[in-house]
There are 2 protein chains.
Amino acid sequence: MGKFSSLDAKVAVFKALAHPTRLRIVQDLAEGELCVCVLLESFPIDMSTLSRHLSVLKNAGVVDCEKRGKNVYYRLACPCLTRIFDCLDALDADAKRCACGR
Amino acid sequence: MGKFSSLDAKVAVFKALAHPTRLRIVQDLAEGELCVCVLLESFPIDMSTLSRHLSVLKNAGVVDCEKRGKNVYYRLACPCLTRIFDCLDALDADAKRCACGR
DNA sequence: TCTTTGCTTGCGATTTTAGCCAAATATGCA
DNA sequence: TGCATATTTGGCTAAAATCGCAAGCAAAGA
């Protein structure tokens, strides 16, 4: 049984992505791993709030983290997750790739 | 500008999918359009609740609806949306398709 | 050991979402 | 026109999510 095979696991992934800050975090992490303090520079929010967003993403299986020295580095659990964005972008960018022709 | 190009539009899509009932509705509609009364048979919830879930999906641009006679028929706004599920399923079913090798 | 830095967690206040019931609306049929 | 059916909307309450502040904790360095 895969990580995202159950309905609830999928719901958790979508719920994790269903917040502007978390979605931007995921987009940032698509470029490569980042530590919390670096992420914090991109977001005008309290570090505790950022930390909670990261834990939502982690619990959903969207990201992993690793502590190295004083810092905690977050990365996408699977880079393939960005394909989800590709799906949406494809609908915008290239109607021909969309089977329904819209 | 496509329908899902902005961050907020993407968030709305994920938010719409971030509920077990709505996710199952989308899965059901992937097979083809259905009217509210038929959908209702699949879910042990109040019709008013179902109607609200459908309006969340509609406002996010995930589904469209059309009234024909006494019934309202819902369908996926774009069948391609099911590619989002394919993305997740691919991670479970076929590790080779996943660039990160997990 | 003591202090600083980086991050997480407990908590309370506020906002958002979900659910049901009841009322409103719209269509079709008698 | 009047009634039944199908769906949506208003109003309410309960539950969940969000946020910042303050406190806790672990690793690093003085």
Side-chain angles (χ1 to χ4, degrees), chain A residues 6-29 32-77, chain B residues 6-29 32-77:
Chain A
S6 75
L7 183 84
D8 285 347
K10 288 186 171 74
V11 167
V13 170
F14 292 128
K15 202 174 284 198
L17 299 174
H19 188 285
T21 300
R22 290 195 296 263
L23 195 54
R24 286 184 49 210
I25 291 172
V26 170
Q27 287 172 341
D28 286 359
L29 294 181
E33 70 170 19
L34 294 168
C35 78
V36 178
C37 58
V38 170
L39 277 168
L40 190 59
E41 294 168 13
S42 304
F43 303 98
I45 56 175
D46 198 88
M47 182 184 277
S48 68
T49 301
L50 175 59
S51 181
R52 278 190 214 281
H53 282 311
L54 289 167
S55 83
V56 170
L57 289 168
K58 187 161 178 249
N59 290 332
V62 173
V63 304
D64 279 333
C65 69
E66 183 189 352
K67 183 158 192 169
R68 294 203 300 273
K70 270 193 294 194
N71 300 306
V72 178
Y73 292 84
Y74 281 82
R75 72 181 82 87
L76 293 189
Chain B
S6 76
L7 184 82
D8 285 346
K10 288 185 170 75
V11 167
V13 170
F14 291 128
K15 203 173 284 197
L17 299 174
H19 188 284
T21 299
R22 290 194 295 263
L23 195 55
R24 285 183 50 208
I25 290 171
V26 171
Q27 286 171 342
D28 285 359
L29 294 181
E33 70 170 19
L34 293 169
C35 77
V36 179
C37 57
V38 170
L39 277 167
L40 189 60
E41 294 168 12
S42 304
F43 303 99
I45 57 176
D46 198 87
M47 182 182 277
S48 67
T49 301
L50 175 58
S51 180
R52 289 221 143 88
H53 282 311
L54 289 167
S55 84
V56 170
L57 290 167
K58 187 160 179 249
N59 290 333
V62 173
V63 305
D64 279 333
C65 68
E66 184 188 352
K67 183 159 190 169
R68 293 203 301 274
K70 271 192 295 194
N71 300 306
V72 178
Y73 291 85
Y74 281 83
R75 74 181 80 88
L76 294 189

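By convention in this document, chain letters (A, B, ...) are assigned in the order of the sequence lines, proteins followed by strands, and residues within each chain are numbered from 1.
The backbone N or O of R52(A) lies less than 3.5 Å from a partner atom in the side chain of S55(A), making a donor-acceptor pair. When atom types are taken as modelled, the side chain of R22(B) and the backbone of H53(B) share no donor-acceptor pair closer than 3.5 angstrom.
One interatomic measurement links the two molecules: NE2 of H53(B) to C1' of dT8(D), which rounds to 15 Å at whole-angstrom precision. Atom-to-atom, CZ of R52(B) to P of dA15(D) comes out at 18 Å; the value is rounded to the nearest Å.
D46(A) and S48(A) form a side-chain donor-acceptor contact under 3.5 Å, judged by distance and modelled atom types alone.
Residues from residues 39-51 of chain B placing a heavy atom under 4.0 Å of any atom in DNA chain D, listed by number, are M47(B), S48(B), S51(B). Of the residues in residues 9-16 of chain A, those placing a heavy atom less than 4.0 Å from an atom of DNA chain D are K15(A), in numerical order.
Applying the side-chain hydrogen bond (donor to acceptor under 3.5 Å, both in side chains) rule to pairs touching residues 33-44 of chain A yields E33(A)-R68(A), sequence neighbours excluded.
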Using the side chain to side chain contact (heavy atoms under 4.5 Å, CB included) rule, take L57(B) and L29(B) through it: C-alpha gap first, then chi angles, then the decisive distance, then the call.
-> CA-CA 12 Å; L57(B) 290 167; L29(B) 294 181; 5.6 Å; no
Just do the side chain to side chain contact (heavy atoms under 4.5 Å, CB included) check on N71(B) and V38(B) with the steps written out, would you?
-> CA-CA 10 Å; N71(B) 300 306; V38(B) 170; over 6 Å; no
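Residues T21(B) and T49(B) have side chains not in contact (no heavy-atom distance under 4.5 Å, counting atoms from C-beta outward).
Nucleotides of DNA chain C with any atom under 4.0 Å from a heavy atom of chain B span, from 5' to 3', dT17(C) to dG28(C).
Rounding to the nearest 0.5 Å places CG of D28(A) at 5.0 Å from CZ of F43(A). If you take CG on L40(A) and SG on C37(A), they are separated by 8.0 Å, rounding to the nearest 0.5 Å. For the atom pair L17(A) CG and L17(B) CG, the distance stands at 10.0 Å (nearest 0.5 Å). With rounding to the nearest 0.5 Å, the separation of CG in L7(A) from CG in L23(B) is 5.0 Å. Taking OG from S51(B) and CG from L39(B), the interatomic distance works out to 11.0 Å, rounded to the nearest 0.5 Å.
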Do nucleotides 24-30 of chain D as a string where each nucleotide becomes B, S or -: B if the base has a protein heavy atom under 4.0 Å, S if just the sugar-phosphate does, - if no protein is that close.
-> ---SS--
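Checking R22(A) against L54(B), the closest nucleotide of DNA chain D that is more toward the 5' end is the one next to L54(B).
No engagement by Y73(A) is indicated, since no non-hydrogen atom pair under 4.0 Å with the nucleic acid exists.
Checked against salt bridge (charged side-chain N to carboxylate O under 4.0 Å, His left out), K10(A) has the following partners two or more places apart in sequence or in another chain: D89(B).
At the phosphate of dC19(D), OP1 or OP2 sits under 4.0 Å from a side-chain N or O atom of H19(A).
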